[in-house]
Peer 1: 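Dumping the structure here so I can ask a few things about it.
Ligands are counted one by one from 1 in listed order, and the atoms in each one are counted from 1 as well. Residues take their numbers from the sequence shown, with the count starting at 1.
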Amino acid sequence: MRTVAEHQAVVAALFGPPVPVRLPVPEALGRATLADVDAPLSLPGFDNSAMDGFAVLAADLASAGPDSPVTLPVAADIPAGRTDTLTLAPGTAHRIMTGAPLPAGADAVVPVELTDAVIGPVAAAETVTFTAPVESGKHIRRAGSDIGRGARALPAGTVIGAPQVGLLAALGIVEVTVARPLRVEVLSTGSELVEPGNPLQHGQIYESNGAMLTAAAIEAGALGRHVHFVPDDTGDFLARLDEVAGEADLIITSGGVSAGAFEVVKDALSATGSVEFVKVAMQPGMPQGCGHHVASAGSDGTAGPTVPIITLPGNPVSALVSFEVFIRPALRTATGLPPHRPRVTARLGADIRSPQGKRQFLRGVLRTDEGGSGVVVDPIGPPASHHLRFLAEADALIDVPTETDGLAAGSPVDVLVLR
Ligand code: AMP
Ligand code: MG
């Protein structure tokens with residue numbers, strides 16, 4: 001039997017290092033930058049007003065007070081977007097809006113609320129009166145005060161989220177170098193499977209692993225495609241694998257790898273010798289397999305592509321827990337993303353039992369305890385591997401160490417936070 005850590009290493013080794021690709025900024029969302037991004041321009045690009053108000057020369061208001069108001073003529077009106085360059089003559093004010101370029105010669109902005117001017121879209125006042133002095137530099141956003149031209153905007157390895165998209169767009173950047181997303185094709189097996197939307201006969205079930213694992217791949221940052229399923233027939237299975245191999249960076253199969261009589265994946269791929277089937281000391285998810293699928297030669301004799309393949313057990317809980325433990329970290333590392341879910345230590349909300357000799361991943365729900373003194377995880381659902389409902393309710397996996405056979409409520413446990 002392999003340990004979880006040993007099999008994680010084998011799965012991770014199926015992938016090469018992240019491959020750089022240039023993507024338009026919106027498409028780079030959720031991906032990791034593979035090169036530093038330096039600012040091609042400064043932000044702000046020019047001195048501008050931080051308030052709606054009046055651009056002035058602070059010295060002109062030095063004597064302003066409640067009993068000694070200073071009134072200046074309003075010589076110009078500067079809305080945001082005005083592109084000509086203006087100069088403020090001493091002894092005048094310019095009405096200026098937030099984000100509008102500061103006229104040369106002005107060194108402060110007085111917010112409209114602090115003047116006698118009317119707030120709102122009225123015709124420019126002829127004069128404006130101030131009853132307090134203003135500090136030089138007040139309410140001015142200086143060019144480059146956010147980021148200077150040539151400064152590091154995003155270091156390599158940054159995961160692009162909404163703020164990073166905002167910064168790149170503000171810098172006028174349209175393309176960015178990120179890790180190429182991996183294409184994952186999910187192929188389920190089972191003669192009992194029926195596509196949702198069709199009627200079921202007795203003994204049939206709706207195919208769910210394909211949809212679920214495709215969603216998991218997409219959540220992990222891959223381009224997932226649900227190839228659907230084939231019956232338990234090695235010929236059908238291998239033909240379908242060959243079809244998808246050309247378009248995939250990883251093929252995930254579900255089902256057909258345990259010890260039953262119609263183990264289509266195991267039977268088909270044991271014969272090709274390219275996939276290793278092993279037992280991993282974990283629950284759920286003991287039967288695992290991975291390797292490289294070498295697609296059959298084309299009709300013109302050219303060699304078929306060789307694609308990493310991971311064969312997951314068919315029980316839905318086993319399949320998704322296996323994905324979490326082995327595939328998600330490997331996929332993320334191969335695309336430059338942080339590999340792991342956050343891990344926290346929580347106190348068990350109830351007693352648990354665990355098979356000795358197997359690392360167990362139990363479904364759990366996190367909560368903050370009443371005293372607010374820490375995080376509690378309540379185990380939910382039985383350990384059997386068909387309980388999709390509890391999987392859907394869980395927001396955590398409780399990682400119970402291999403040699404533990406049980407833990408009492410209140411014991412600290414290591415928890416993978418799923419959501
Ligand atoms: P297997 O690993 O093929 O022996 O399947 C184990 C259990 O998981 C059986 O109860 C199957 O019916 C179920 N199962 C296998 N594949 C799927 C699937 N794609 N969707 C839903 N259930 C499945
Ligand atoms: Mg099956």
Peer 1: What residue and atom, counting heavy atoms only, is the protein's closest point to atom 2 (O) of ligand 1, and at what distance?
Peer 2: G314 N, 3.0 Å
Peer 1: Can you tell me the protein heavy atom closest to atom 10 (O) of ligand 1 and the distance?
Peer 2: N315 OD1, 4.2 Å
Peer 1: Say whether Q283 and Q360, considering side chains only, have a donor N or O and an acceptor N or O under 3.5 Å apart.
Peer 2: yes
Peer 1: Pull out every atom of ligand 1 sitting under 4.0 Å from any heavy atom of S188, numbered as shown with elements.
Peer 2: 19 (N)
Peer 1: Answer whether the closest heavy-atom distance between the side chains of L269 and L241 falls below 4.5 Å.
Peer 2: yes
Peer 1: One thing to verify: whether E324 and R341 come together as a salt bridge, which I'm taking to mean a side-chain N less than 4.0 angstrom from a carboxylate O.
Peer 2: yes
Peer 1: Testing I352, L348, V365, D395 one by one against V377 for a side-chain contact (heavy atoms from CB on, under 4.5 Å), which residue passes?
Peer 2: L348
Peer 1: Go through the steps for R225 and E247 under the test salt bridge (Lys or Arg N to Asp or Glu O under 4.0 Å), then give the verdict.
Peer 2: CA-CA 10 Å; R225 197 167 74 110; E247 287 144 49; 3.2 Å; yes
Peer 1: Return the residue, atom name and 0.1 Å-rounded distance of the protein heavy atom closest to atom 4 (O) of ligand 1.
Peer 2: S258 OG, 3.6 Å
Peer 1: Pull out every atom of ligand 1 sitting under 4.0 Å from any heavy atom of N209, numbered as shown with elements.
Peer 2: 16 (N), 17 (C), 18 (C), 19 (N), 20 (N), 23 (C)
Peer 1: If you measure from CZ on F54 to CD1 on I96, what distance do you get to the nearest 0.5 Å?
Peer 2: 10.5 Å
Peer 1: Numbering the atoms of ligand 1 from 1, which are under 4.0 Å from a heavy atom of S254?
Peer 2: 16 (N), 19 (N)
Peer 1: Would you say CZ of F262 has more than 12 non-hydrogen atoms from neighbouring residues, nucleotides or ligands within 6.0 angstrom?
Peer 2: no
Peer 1: I want to know if ligand 1 touches G210 in the polar sense, i.e. an N/O pair below 3.5 angstrom.
Peer 2: no
Peer 1: Between H7 and F326, does the ring centre distance come in under 6.0 Å?
Peer 2: yes
Peer 1: Among protein heavy atoms, which sits nearest to atom 22 (N) of ligand 1, and what does the distance come to when rounded to 0.1 Å?
Peer 2: I205 CD1, 3.4 Å
Peer 1: Looking only at protein heavy atoms, identify the closest one to atom 9 (C) of ligand 1 and say how far it is in Å.
Peer 2: E192 OE2, 4.2 Å
Peer 1: Check whether any heavy atom of G256 sits under 4.0 Å from an atom of ligand 1.
Peer 2: yes
Peer 1: Is it true that S354 and D405 share a donor-acceptor pair across their side chains at a distance under 3.5 Å?
Peer 2: no
Peer 1: Please state which protein non-hydrogen atom is closest to atom 19 (N) of ligand 1 and give its distance, to 0.1 Å?
Peer 2: E207 OE2, 2.8 Å
Peer 1: Which ligand 1 atoms does S208 reach within 4.0 Å, using its non-hydrogen atoms?
Peer 2: 20 (N), 21 (C)
Peer 1: Go through ligand 1 atom by atom and flag the ones less than 4.0 Å from a non-hydrogen atom of T189.
Peer 2: 16 (N)
